[in-house]
Amino acid sequence: MISSWRWRGMARWGFCWVLLGLWRLNAACPAACTCSTSRISCIDQEWGIVAFPVLSPDLEMENITEIYIANQSKLRAINDKDVKLYRSLRNLTVTNSGLTYVSRLAFQNNSKLQYLNLKDNKMSALSWRTFRHLNLSSFILTGNPLQCSCENMWIKLWLGDETESQELVCLDDKNRKKSLSKLSSPECVPPAVVLRYSNNTVLEGGKVTLVCNTTGAPTPELIWHRNHLVSKAEQENISVQHSIIKLTNISSDDNGKKISCRAENVVGEKESSVVLHVLFPPKIILLAEAMADHHWCIPFSVRGNPKPSLQWFYEGAVLLETTFIKTMIHETSESEHHGCLQLDSPTHLNNGQYTLLAKNAFGTDNRTISAHFMLNPWSDGPITDPYYYETTDYTPPVDPEVNEESVAVYVVVGIAAVAFTGFVLMLIILKFGRNSKFGIKEINIETDKALQPCKEEISIEHSCGSHRDNGLVQDACSASLQNSHQ
């Protein structure tokens, strides 16, 4: 009965929360739209919308995966921040509306967008920069008055055969329709990039020269991406389409970094890049004290290109590695290697000086560390339990919260101990109390035997008193009493 009442109460509360959520969502939804937890639909022509729908609070927009807008003649643009907070958006449809402009930054935060339908709007041009970072599986532009211009050439290159399947057309200077797949012009040439370099493999401290040339129409903009180079770089622009970068005193920190030359114009973009390979001798950047985990470990970090070989020495002699003592590499980057010398259950015999030697074709480096795993149990002085690490006077700080929890644990344990002791005492009392009962019974039997004569005498007196008028009986009673006294 009670469980049924509870279930009904929980059901009522759940229903109330659902209603509250729907009420909040509807309260945040624009009047011309209908909203659910994951979808917004705006198709009401009577009310209409003049701007992209926005929900309040902002958190409601993060769960929206689909937006469908149709028949909204007053909706003219998708601006920089209109779709910014719809981070989970996958499907977007704006069709049969007054859309004429889509900002270059409109979808900068919508990397999950896969389906984009902008059919039957009033757009005459679109920039490829708006969609450059998206991985669209479907992009529909049918029914827009696109201009036959270089600015729309990228659509033909992007869609390929879909240009014909969507029957995309553009309007020429005389407002005549022309298939977009047939659009071509010597004034509309996508950029091309040629990147030349003296050598991308260089010794630390050396130099590299990179030359970038671009072509295209309109004349593309040339942009270098140096990827935060540490080495000194000097850029020289010979012309708009010809640029040189000179790298000097190249740092080993730039090993594996990419340098790119990119060209952009209204038709599209093109990029060429090179990865630097900087050769340098090994450098041991870390050799720390031994630490205990599942195994004992002497941590180290080594840099070098090419990858250096590693050799350990113990007390000056070459350390022969086995399954119990071996070098383990846990992490490797472009030119850094992190690992440890792993020791399985070392004893006092393994205490001593450990030296790491790193070597490649361009040099060597070594460092030494003292490791102490266990005190010698056979040393002079009293022998105590073995120490696997040196004791110190360091006392870790006590966390007040942890201290309170410890006190609470002690109290609970104390109560449990008292309860257990009381339970044991009760069992003892019951056990010995049962034995005492039998002892009392034996004492009562002995007492009855001792008092038997008294009981017989009292019985005789009682019988004689009840026959006082009978002389014969009285004589017999007197004789019996005398015998009992004897």
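When all heavy atoms of Leu183 and Cys148 are compared, the pair lying nearest together is CD1-CB, 3.9 Å. Nearest heavy-atom pair across Ser185 and Met153 is N-CE, 4.2 Å.
No donor-acceptor distance shorter than 3.5 angstrom exists from the side chain of Asn305 to the backbone of Ser335, with no hydrogens or angles considered. For Gln72 (side chain) and Ile49 (main-chain N/O), a donor-acceptor pair under 3.5 Å exists by modelled atom type.
Residues Asn350 and Ile325 form a side-chain contact, since some pair of their non-hydrogen atoms from C-beta on lies under 4.5 Å apart. Side-chain atoms of Asn255 and Arg303, non-hydrogen and from C-beta on, never get closer than 4.5 Å to each other.
Classification of the Trp312-Tyr354 ring pair by plane angle, with boundaries at 30° and 60°, yields perpendicular.
Judged purely by distance below 3.5 Å, without hydrogens or angles, the side chains of Gln342 and Asp344 never pair a donor atom with an acceptor atom. Ser301 and Glu336 form no side-chain donor-acceptor contact under 3.5 Å, judged by distance and modelled atom types alone. A side-chain donor-acceptor contact under 3.5 Å links Glu204 and Ser252. Defined by atom type and a distance below 3.5 Å, a donor-acceptor pair is present between the side-chain atoms of Asn237 and Ser243. Donor-acceptor pairing under 3.5 Å is recorded for the side chains of Ser181 and Ser179.
Partners of Glu151 under the salt bridge (charged side-chain N to carboxylate O under 4.0 Å, His left out) rule, at least two apart in sequence or in another chain, do not exist in this structure.
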I'd like to know whether Glu321 forms a side chain to side chain donor-acceptor pair (under 3.5 Å) with Thr327, so could you lay out the CA-CA distance, the side-chain angles of the two residues, the decisive distance to 0.1 Å, and finally the verdict. CA-CA 8 Å; Glu321 297 192 16; Thr327 303; 2.6 Å; yes
